[in-house]
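What follows is a single structure, written as structure tokens, with notes after it.
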Amino acid sequence: MYSFSRAPWPKSLIAICKDKRSLSQVHALMILTGIFATGDSNGQLIASYAKSGDIISARNVFEESLQRGVSTWNALIIAYSRKDSPLEAINLYRRMILEGIRPDSSTFTVTLKACAGLLDLKTGEEIRSHAIDLGYKNDVFVGSSVLNLYAKCGKMDEAVRVFDGMPKRDLVSWTTIITGYVQSGRSLEAVNIYRRMQKEGIQGDEIVMVGLFQSCANLGDPKIGLSVHGYMIRRDLPMDVVVQTSLIDMYAKNGLLNLAFRVFEKMSYRNVVSWSALISGFAQNGYAGEALELLIEMQSCGFKPDVVSLVSALVACSHIGLLKLGKSVHGYILRRLELDRVSATAVIDMYSKCGSLSSARALFDRVNMRDLISWNAIIASYGVHGGGREALSIFLQMKDTKLRPDHATFASLLSAFSHSGLVEEGLQWFKLMVTEYKIQPHEKHYACVVDLLARAGRVEEAHELIQSMVDEPGIALWVALLAGCRNKGKLDFGQKVAEKVLQLKPDDPGIYALVSNVFAAARNWDEVARVRKVMKNTGMKKVPGYSVVEVNGRLHAFLMEDKSHPQHEKIVAMLEWLDQEMRKMGYVPKTEFVLHDLEEEVKQRMLCNHSERLAIAFGLLNTGPGTRLLITKNLRVCGDCHAATKFISKIVDREIVVRDVKRFHHFKDGFCSCGDYW
DNA sequence: TTAGGGTTAG
């Protein structure tokens, strides 16, 4: 038999109840013996009911309690906080104050967390000042909670003030300030605070390391991440799914997909978040096919994709121009989940990048809660499709809302002007961006304006703009200038710029190809040979051009001069027929786009084998009359193929959409939407 | 005068 002589027995008994049944038996016993009514063990009972998942019984115990101490209140407040009902937690706090109960450190800690979760700074500050009044100013739990409140509400400076004013800090306080910096986009400061923590002799745990991994992901610098990973292995720190997922994300964002994949393989437990970290890693690094395969594998492992993983899938579809799958992902989100702002923007971007600007616009018009990102996305969409004036008109509509354009808005707008050849508008808005909107131009803004001027043939002005920059201009600007020189045949100046580009030691084979192209266009074969030698010495090869065409929802890829295709002979025959028809209409091959020093006839034949021509021929052969073709190319369309595709669109009476690495070309009836301005 | 409470991933 139990002895009821000692008062505290119910608590220890409740504590060992592991299931609802034994718990309710003890509960009944307590009521029978009257202990429940007199003691303050009800807090323990509430906590236990809540832990077993039975919040209703917990609430009933609370409401039926004749005596409620602060621990009774805390137990229920904690229960709601854990149940993710922060509003109810705050309600209980208010009721408790009204009933004259004095909150303690735990009460403040939990209610402050609830406010942080709701981003309710006003209530949070009210609770904070109450805590100070009651003498909890120097309490480390309350301090960290206040810190977290400010950090979550985006008041990082106030958070730092609280942190600096804390007489005592523990690991959680340090972690809170570090993750606060990370989450407000100040990753460098996060790393600095971590160093300060180390200097003060505090050893980090795995939670701090998650913050560091995020910093490395944001900073695009894996060095610290790699060494922290090693440190964790050496010290045998626990690696749970959260730590491993943040590692995957960090490696993937730094382009180290092998390492990301290795971490993923070693995981003993995975969830949707870890899967989608890997999927978005592949998608963002351009491995769209692999990303989509992983999405399918994830489902076969029994994980249902959520919005985030589907957004990654949309990014993958956008990369490779897989409109049909993108559409079905859109449908899946509509049917099974909810199209929120983030996914809507991803869908808009997908439609745009898969060539369907009208679908992108239609969806944009239907989205109710537009934020800056949605506006930026649609402006960028018009930009890549050559709709500079529409981009401007949407930008002006956005001005009527309370949203303020940011540097990304202007990058999209200026790029839209450059793709449409709206030189004066570009120069005007570049100026307004600085004077009226007080946005300091980044290199990408300069790049757009340089590109705009260079493409219009105003290479000297572009050169002056580059030289007016305060910061050292990056190679991208010189490359934009060089591309302008090549396209406008300004070869003397172009060769000087080419020298400048070579001095900056580019690591992109595409840039060498452009440089070589300029020398080749100037028939300066010695320089062409020199560039090729530099490329060879640095172990670089020109990226082979390839084009992808979607036929009946499946992608078919073609490499330049690809003869391996089962339909190769049919494709060649189709191209020869098109070539004859084009020549009747006045087409003359522009052999200056062939890199090598070869006989004219050989050059002409090489042009016919450019990957986009193969893809177009395949598309024509395998789709019905009138079907629109979408071709995606990994490089820029060459001038000759551009001219040829215009003729082809007229000969076969088809709309042919080509997405090259920079923009879209809609070929129809012998014309291209870019108006030959590119 | 037990323990309860604050920090972490796509």
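These values consider heavy atoms only, across backbone and side chains, with no hydrogens, waters or symmetry-generated copies. Keep in mind that this is a model prediction, so the values were computed, not measured. So that the names make sense, note that chain A is the first sequence line, chain B the second, and so on, each numbered from 1.
Remark: the A:D240 side chain and the B:dA9 base include no donor-acceptor N/O pair separated by less than 3.5 Å. For B:dT7, its base sits under 3.5 Å from the side chain of A:T175 at one donor and acceptor pair at least. A donor N or O paired with an acceptor N or O is not found under 3.5 Å between the base of B:dG6 and the side-chain atoms of A:S145. The base of B:dA9 sits within donor-acceptor range of the side chain of A:T245, with an N or O pair under 3.5 Å. Residue A:S144 places a side-chain atom within donor-acceptor reach of the base of B:dG6, judged by atom type and a 3.5 Å distance cut-off alone. Side-chain atoms of A:D170 come within donor-acceptor range of the base of B:dG6, with a qualifying N/O pair under 3.5 Å.
Between the side chains of A:S312 and A:S276, not a single donor N or O lies within less than 3.5 Å of an accepting N or O. Side-chain polar atoms of A:H330 and A:Y351 form a donor-acceptor pair below 3.5 angstrom. Defined by atom type and a distance below 3.5 Å, a donor-acceptor pair is missing between the side-chain atoms of A:N218 and A:S215.
Here the P atom of nucleotide B:dT1 and the CG atom of A:D104 are 17 Å apart, to the nearest Å. The interatomic distance linking A:E206 (CD) with B:dA9 (P) rounds to 13 Å, in whole Å. As a whole-Å value, the separation of A:F108 CZ from B:dG4 P is 20 Å. The interatomic distance linking A:Y150 (OH) with B:dG6 (C1') rounds to 16 Å, in whole Å. The CD-P distance, from A:Q244 to B:dG10, rounds to 15 Å in whole Å. The OH atom of A:Y251 sits 18 Å away from the P atom of B:dA9 (whole-angstrom rounding). If you measure from atom CZ of A:R169 to atom P of B:dT7, you get 18 Å, rounded to the nearest angstrom. The nearest whole Å value for the distance from the NE2 atom in A:H229 to the P atom in B:dT8 is 21 Å.
The residue A:N74 sits close to a base: some heavy atom pair falls under 4.0 Å. When heavy atoms are screened at a 4.0 angstrom cut-off, A:V311 is found touching no nucleic acid atom at all. As judged by a 4.0 angstrom heavy-atom cut-off over every strand, A:V142 is placed among residues making no nucleic acid contact. When heavy atoms are screened at a 4.0 angstrom cut-off, A:V110 is found touching the sugar-phosphate backbone but no base atom. Residue-level contact check: A:V208 touches neither bases nor backbone, having no heavy atom under 4.0 Å from any strand. In this structure, A:S173 reaches the bases: a heavy-atom distance under 4.0 Å links it to at least one base atom across the strands shown.
Note: A:W73 and A:Y93 fail the aromatic proximity criterion, with ring centroids not under 6.0 Å apart.
Listed candidates were B:dG4, B:dG6, B:dG10. Nearest to the side chain of A:V172 is B:dG6. Considering only side-chain atoms of A:V210, the nucleotide from B:dG10, B:dG6, B:dA9 that sits closest is B:dA9. Comparing B:dG6, B:dG10, B:dA9 by their nearest atom to the side chain of A:S309 picks out B:dG10. Closest contact between the side chain of A:S106 and the listed nucleotides B:dT8, B:dG10, B:dG4 involves B:dG4.
Between B:dT7 and A:K152, no contact under 4.0 Å exists linking OP1 or OP2 to a side-chain N or O. Between A:N148 and B:dT7, a side-chain N or O to OP1/OP2 separation shorter than 4.0 Å is present. An OP1 or OP2 oxygen of B:dA9 is reached within less than 4.0 angstrom by a side-chain nitrogen or oxygen of A:Q183.
Between A:W275 and A:F303, the ring planes lie tilted relative to each other; the angle falls in the 30° to 60° range.
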Donor-acceptor pairs under 3.5 angstrom involving side-chain atoms of residues 291-298 of chain A: please list them, not counting sequence neighbours.
none

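The residue from A:I132, A:I127, A:L112, A:T176 that alone fulfils the side-chain contact (heavy atoms from CB on, under 4.5 Å) condition with A:V146 is A:L112.
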